[in-house]
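By convention in this document, chain letters (A, B, ...) are assigned in the order of the sequence lines, proteins followed by strands, and residues within each chain are numbered from 1.
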Protein chains: 2
Amino acid sequence: MKDKVTIYDISKKLNISAATVSRALNNNTKISLSTRELVLKTAKEMNYKQNRLAQALKSGKSNNVGVIVPYINRSFFSSVIRGIEEELTPHGYHVIICQTHENYKNEIEQINTLINTQIDGIFMSVSKTTINTEHIEKALAEGTPLVFFDRKKEVPGVSSVIIDDFKAGYLATQQLIGQGCKRIAHLSGDLNLEIYKNRHDGYTKALEDNNLEVDSNYIIKTNSKIESGASAIEELWKLKKKPDAIFSASDYTALGAIQELKKMGLKIPKDICVTGFSNEPFTKYMELPISTVDQTPQTMGKIAAQVFLEQMGENKKVSIEKKVVLTPELIIRESSNRSIKPVSA
Amino acid sequence: MKDKVTIYDISKKLNISAATVSRALNNNTKISLSTRELVLKTAKEMNYKQNRLAQALKSGKSNNVGVIVPYINRSFFSSVIRGIEEELTPHGYHVIICQTHENYKNEIEQINTLINTQIDGIFMSVSKTTINTEHIEKALAEGTPLVFFDRKKEVPGVSSVIIDDFKAGYLATQQLIGQGCKRIAHLSGDLNLEIYKNRHDGYTKALEDNNLEVDSNYIIKTNSKIESGASAIEELWKLKKKPDAIFSASDYTALGAIQELKKMGLKIPKDICVTGFSNEPFTKYMELPISTVDQTPQTMGKIAAQVFLEQMGENKKVSIEKKVVLTPELIIRESSNRSIKPVSA
DNA sequence: TTGTATGCGTTATCAG
DNA sequence: CTGATAACGCATACAA
């Protein structure tokens, strides 16, 4: 509609050159105070808006970053994105979001179109089906810095911000042992992802350190869905020795497990303790609040953004690789706490 | 790092003009099949990536849209964004996200910087503190199409996609009446927002239609927080005639109310029925699942995107104004259903 | 069908 | 301190 006003329009009106107007607007080079103020004033009067596109083309910097996640409406991911946005907005960056739907092919596609739009950086959590890292290496070769968060792959030159999933698995299991549990089952996720592998390893290490047997029958692979938790319990209850605790790598499977256990008439935490993972909002609100591990997603996003900013600050020739590992927080609630009286919420 | 390859590089290598390369790449104008294939082939070989920034500057179309919401990590908003992303990505658009933190000043700021980046359109849910609509009118005057979703303001020429909050309030209240409830309290939100006003109005209309008195003492303003729901109950219980049902405009206040009611020893739904709003994930997972209203956020996002696409298709001179009203779905769960036996989940 | 020239809005590099 | 000019990468009107 209304034609956008450019520095040219201002220069004409003021009978000065566009270059001068540009300088006045960016107030870096030496320029007379009087003309600068004049330019600033008339710019405002004429409702001038800088065209960031032209500026981006000229400078090669778009001031946009891309965030690639499996699904944006998952509590964890949207919280990370919130952290990224809040850290980057004050620095003039905009955040573009992309979803992979846990699909490797989409992930490649998203990276490519992001690169085409001259993105300044990419934040990503790889999808479950991602095995190869060629697409990531290509992005790097293209000169686009990349930061992994939570779900990472080993790629030289790529920074990452994760939590210590091993420690989280260890602490959670240790706490269950502390409640007197001896036969602790683990509902695991896709071991193709490091996070699930590490939670699993932390779990087994805790068992070993406490001289408890690691029984592969007690380790069930699940897919982070509620139903998956219920069927895992069914499977476990076919065993001769039933578990007396469940450490689930996901809150959803933990919930499904709890629902199934209750259906079978078991009392939680008296008969069996349960701990989940991720601190999904619902775990806190249940009448039987579920113990879980908080991954501090918002902080994770903020740190990832800071790592990116650092990277942009350096002379970008060297790709400094920074590995940040955040400490997870075990949140002990009623589902794994036998020492408190259950108070109905 | 590696220098980006341009159409110029291709043209040099092939001894043809850059214009021809451009045409071949966009395969619209008449061009010989042989050269087009040659260009396409060598483009791939040279790992050519189209610079969408330059293209955007040239065409005046950035292929980016902005989405402005209070907080991105709220289930409702992230689901709407998911819908928008999924509808727009196939059309080559990227989605930029902005948060207002329910702050009017931030909202203005966000709109302005979005316009500076030559965004092609804006989707937004206004913040609670937004009264004035000048900033929105300015965006329109600038030529940027805008689509409201859920939380809208009356601005001429702006399309919107919302749910029928009046109907939702009416249906929810009606259902409570159907359970035999006669003294239904309403935990309302900020009436500055149309959505809360409409839920409120639907509530009162249902009462009137059933010859039940509308008692202003039964209408408590809350802020969508859990604690707010608890204190609302405290306040209501100071009344001589206690309510026998609660229709809350938010799931969080409904949850707070339920917690407080249980603390006081009341049985839900026997002694009192409760219905919330938004279908937050936790309402489904509770041991006492909470009745609520589903706003079909993902669909809302998809429709909003479609309205935008239509708008872009038309000759953009006329700002067609489209008002879409989606039908909410009342989800009746145990907290307001006296006819089913409570089955512990 | 293809090439030449120009401009999108900025900024950087020169002169002056 | 300021002005003219080129360039970022692409797409189009026009000419050939």
[X] [atom1] - [N] [atom2] separation (whole Å):
| X | N | atom1 | atom2 | value |
| --- | --- | --- | --- | --- |
| B/Leu38 | C/dT1 | CG | P | 16 Å |
| A/Asn116 | D/dC10 | CG | C1' | 13 Å |
| A/Arg52 | D/dC8 | CZ | C1' | 17 Å |
| A/Ile10 | D/dG3 | CD1 | P | 14 Å |
| A/Glu37 | D/dC1 | CD | P | 13 Å |
| B/Ile16 | C/dT1 | CD1 | C1' | 12 Å |
| B/Ile31 | D/dT12 | CD1 | P | 13 Å |

- request: State, without any angle test, whether A/His101 and B/Glu86 hold a side-chain donor-acceptor pair at a distance under 3.5 Å.
  value: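 Side chains of A/His101 and B/Glu86: pair found under 3.5 Å.
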Residues in ring pair (Phe, Tyr, Trp, His ring centres under 6.0 Å) contact with B/Tyr93, at least two apart in sequence or another chain: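 Counting only residues at least two positions away or on another chain, B/Tyr93 forms a ring pair (Phe, Tyr, Trp, His ring centres under 6.0 Å) with B/Phe308.
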- prompt: Excluding sequence neighbours, so at least two apart, what forms ring pair (Phe, Tyr, Trp, His ring centres under 6.0 Å) with B/Tyr48?
  reply: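 With neighbours one apart ignored, the set is empty.
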- request: Note down the inter-axis angle between the two ends of the helix from C/dT1-D/dA16 to C/dG16-D/dC1, five pairs each, to the nearest 10°.
  value: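 Computed angle between terminal axes is 40°.
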Side-chain N or O of [X] closer than 4.0 Å to phosphate OP1/OP2 of [N]:
| X | N | result |
| --- | --- | --- |
| A/Ser32 | D/dT2 | yes |
| B/Thr35 | C/dT1 | no |
| A/Ser17 | D/dA4 | no |

Between [Y] and [X], does any NZ, NE, NH1 or NH2 come within less than 4.0 Å of an OD or OE carboxylate oxygen?
| X | Y | answer |
| --- | --- | --- |
| A/Glu142 | A/Lys138 | no |
| B/Glu102 | B/Arg151 | yes |
| B/Glu109 | B/Lys105 | no |

query: Taking only residues two or more places apart in sequence or in another chain, which ones pass side-chain hydrogen bond (donor to acceptor under 3.5 Å, both in side chains) with A/Thr117?
result: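 Result, side-chain hydrogen bond (donor to acceptor under 3.5 Å, both in side chains) vs A/Thr117: none returned.
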task: Please list, chain by chain and in numerical order, all residues satisfying side-chain hydrogen bond (donor to acceptor under 3.5 Å, both in side chains) with A/Lys152, sequence neighbours excluded.
output: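 Counting only residues at least two positions away or on another chain, A/Lys152 forms a side-chain hydrogen bond (donor to acceptor under 3.5 Å, both in side chains) with A/Glu154, A/Glu194.
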- prompt: How about B/Gln118 and B/Asn64: do any of their side-chain heavy atoms sit closer than 4.5 Å?
  reply: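 A side-chain contact is absent here, since even the closest heavy-atom pair is not under 4.5 Å.
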Enumerate the protein-to-nucleotides 9-12 of chain C contacts in which both atoms are nitrogen or oxygen and the separation is below 3.5 Å.
from   : atom 1 : to      : atom 2 : distance (Å)
C/dT10 : OP1    : A/Tyr48 : OH     : 2.6
C/dT10 : OP1    : A/Asn51 : N      : 3.1
C/dT10 : OP2    : A/Ile7  : N      : 2.9
C/dT10 : O5'    : A/Tyr48 : OH     : 3.4
C/dT11 : OP1    : A/Asn26 : ND2    : 3.3
C/dT11 : OP1    : A/Gln50 : NE2    : 3.1
C/dT11 : OP1    : A/Gln55 : OE1    : 3.0
C/dT11 : OP2    : A/Ser22 : OG     : 2.8
C/dT11 : OP2    : A/Asn26 : ND2    : 3.3
C/dT11 : O2     : A/Lys58 : NZ     : 3.3

